[in-house]
Trainee: 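My questions will all concern the structure given below.
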Amino acid sequence: KTAYEIKECDCSSDVCSSDLHLLRDARAVWLDAALEGSFQRITTLVASGLGTDRQVGHYFMAQSLAMRPNQLLGPATSRLAANWLRHLGHDQAQRSVLNRLLWWVTAPLAATAVVTLLFADPLVGIVLGENWLEATPVLQALLGVILFQTLFEILRTYTLVTRRMHLIMA
């Protein structure tokens with residue numbers, strides 16, 4: 001069924017009622033994805049308006065490097081969290097597992113952030129080349145992305161599994 005057919009159907013049946021619940025639950029997930037994509041576009045527009053092409057290039061290359069830990073850890077930790085949390089029956093056990101998973105992931109992320117802070121110059125030189133060394137201070141300024149993006153993804157997975165997406169959308 002399309003969203004319009006679900007909205008216009010006779011809600012006296014259980015099937016239609018479950019369709020409406022599905023549509024209501026999916027609304028927060030859809031909005032989250034739309035906002036995430038919009039943030040990237042808005043960042044691009046603002047950076048382009050504020051800086052030269054060279055500065056914008058340095059920002060986006062630094063941002064690309066800062067997002068690598070999440071691109072490596074994010075999919076595995078999100079799936080692990082979703083599967084683990086889904087099989088637990090009650091809220092207290094889910095929160096305990098959530099806290100444990102957050103602590104486990106924080107250690108490698110913090111180590112990555114410290115290494116990036118201390119060795120950003122050689123890291124940028126090796127990964128991007130000598131022409132991109134001006135991106136080093138920008139990468140160091142984006143340490144919060146390295147440290148917190150994967151942790152946020154785990155929290156977002158928790159809100160999806162426990163149907164509490166409204167907590168981070170408020």
Side-chain angles (χ1 to χ4, degrees), residues 26-88 93-162 164-170:
R27 183 175 42 203
V29 176
W30 177 85
L31 181 61
D32 175 56
L35 290 174
E36 186 175 350
S38 297
F39 176 75
Q40 186 66 26
R41 288 184 192 95
I42 290 169
T43 304
T44 302
L45 290 172
V46 169
S48 298
L50 293 177
T52 66
D53 290 343
R54 185 174 175 86
Q55 291 168 331
V56 171
H58 289 131
Y59 171 76
F60 285 107
M61 289 306 282
Q63 183 186 37
S64 174
L65 280 179
M67 293 172 69
R68 290 293 186 253
N70 183 57
Q71 291 170 341
L72 294 171
L73 288 175
T77 56
S78 292
R79 285 183 181 90
L80 174 68
N83 288 327
W84 205 354
L85 293 168
R86 189 175 296 125
H87 293 300
L88 297 172
Q94 288 174 329
R95 284 180 188 252
S96 174
V97 166
L98 172 68
N99 289 335
R100 198 172 329 146
L101 187 58
L102 288 172
W103 278 111
W104 287 344
V105 173
T106 299
L109 291 173
T112 303
V114 168
V115 166
T116 302
L117 180 65
L118 298 176
F119 303 106
D121 278 330
L123 178 68
V124 170
I126 291 168
V127 175
L128 299 178
E130 297 297 319
N131 294 336
W132 293 99
L133 285 177
E134 293 177 39
T136 300
V138 179
L139 177 61
Q140 291 171 324
L142 293 173
L143 288 177
V145 172
I146 294 171
L147 188 56
F148 296 112
Q149 188 174 10
T150 304
L151 299 176
F152 175 76
E153 292 296 327
I154 294 169
L155 290 171
R156 183 164 61 173
T157 300
Y158 170 76
T159 62
L160 285 169
V161 168
T162 59
R164 293 180 178 151
M165 194 68 170
H166 64 279
L167 294 175
I168 59 173
M169 298 303 295

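Because the structure is predicted, anything quoted here is derived from the model rather than measured. Heavy atoms only: backbone and side chains are in, while hydrogens, waters and symmetry mates are out. Position 1 is the first residue of the sequence, and the numbers go up from there.
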Trainee: Roughly how far apart are L72 CG and T77 OG1, rounded to 0.5 Å?
Mentor: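 These two atoms lie 10.5 Å from each other.
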
Trainee: Is any side-chain heavy atom of L118 less than 4.5 Å from a side-chain heavy atom of V114?
Mentor: yes

Trainee: Determine the interplanar angle of the W104 and W84 rings, folded into 0 to 90°, and report it as parallel if under 30°, tilted if 30 to 60°, perpendicular if over 60°.
Mentor: parallel

Trainee: For I146 versus L109, what's the shortest heavy-atom pair and its separation?
Mentor: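 Looking at all heavy atoms of both residues, the closest pair is O-CD2, 3.5 Å.
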
Trainee: Going by heavy atoms in the side chains, are L102 and L98 under 4.5 Å from each other?
Mentor: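 Yes, close enough: below the 4.5 Å cut-off.
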
Trainee: What distance do F60 atom CZ and S48 atom OG have between them, rounded to the nearest 0.5 Å?
Mentor: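 It comes to 6.0 Å.
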
Trainee: Do other residues, nucleotides or ligands put more than 12 heavy atoms under 6.0 Å from the CZ atom of R100?
Mentor: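 Enclosed: over 12 neighbouring heavy atoms sit under 6.0 Å from CZ of R100.
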
Trainee: What is the distance from atom CG of L147 to atom CG of L151, rounded to the nearest 0.5 Å?
Mentor: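 L147 atom CG to L151 atom CG measures 6.0 Å (nearest 0.5 Å).
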
Trainee: Rounded to the nearest 0.5 Å, what separates atom NE2 in H58 from atom CG in L133?
Mentor: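 Nearest 0.5 Å value for the NE2-CG distance: 8.5 Å.
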
Trainee: What heavy-atom pair brings W132 and V124 nearest, and what distance separates the two atoms?
Mentor: O-CG1, 3.2 Å

Trainee: Do you know which two heavy atoms are closest between T136 and A120, and how far apart they sit?
Mentor: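 Heavy atoms of T136 and A120 come nearest at CG2-CB, 3.5 Å.
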
Trainee: Which atom names give the shortest non-hydrogen contact between A93 and L88, and what distance separates them?
Mentor: O-CD1, 3.6 Å

Trainee: Can you give me the closest heavy-atom contact between V145 and M67, atom names plus distance?
Mentor: CG1-CG, 4.0 Å

Trainee: Heavy atoms, side chains only, cut-off 4.5 Å: are M61 and L65 in contact?
Mentor: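 Result no, sub-4.5 Å side-chain heavy-atom pair not found.
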
Trainee: Other residues, nucleotides and ligands only: do more than 12 of their heavy atoms fall within 6.0 Å of CG on N99?
Mentor: yes

Trainee: Q149 and side chain to side chain contact (heavy atoms under 4.5 Å, CB included): which single residue from L142, N70, L73 fits?
Mentor: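 That would be N70; it is the only one of L142, N70, L73 passing the side chain to side chain contact (heavy atoms under 4.5 Å, CB included) with Q149.
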
Trainee: Please name the pair of heavy atoms, one in A62 and one in V138, separated by the smallest distance, quoted to 0.1 Å.
Mentor: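 Looks like CB-CG1, 3.6 Å.
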
Trainee: Is it true that a side-chain atom of T159 and a backbone atom of R156 form a donor plus acceptor pair closer than 3.5 Å?
Mentor: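 The answer is yes, because a donor-acceptor pair under 3.5 Å joins these two groups.
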
Trainee: Quick one: pull up CG in L101 and OG in S96 and give me the separation to the nearest 0.5 Å.
Mentor: 11.0 Å

Trainee: Yes or no on side-chain contact (heavy atoms from CB on, under 4.5 Å) for T157 and V161, after CA distance, side-chain angles and deciding distance?
Mentor: CA-CA 6 Å; T157 300; V161 168; 4.3 Å; yes

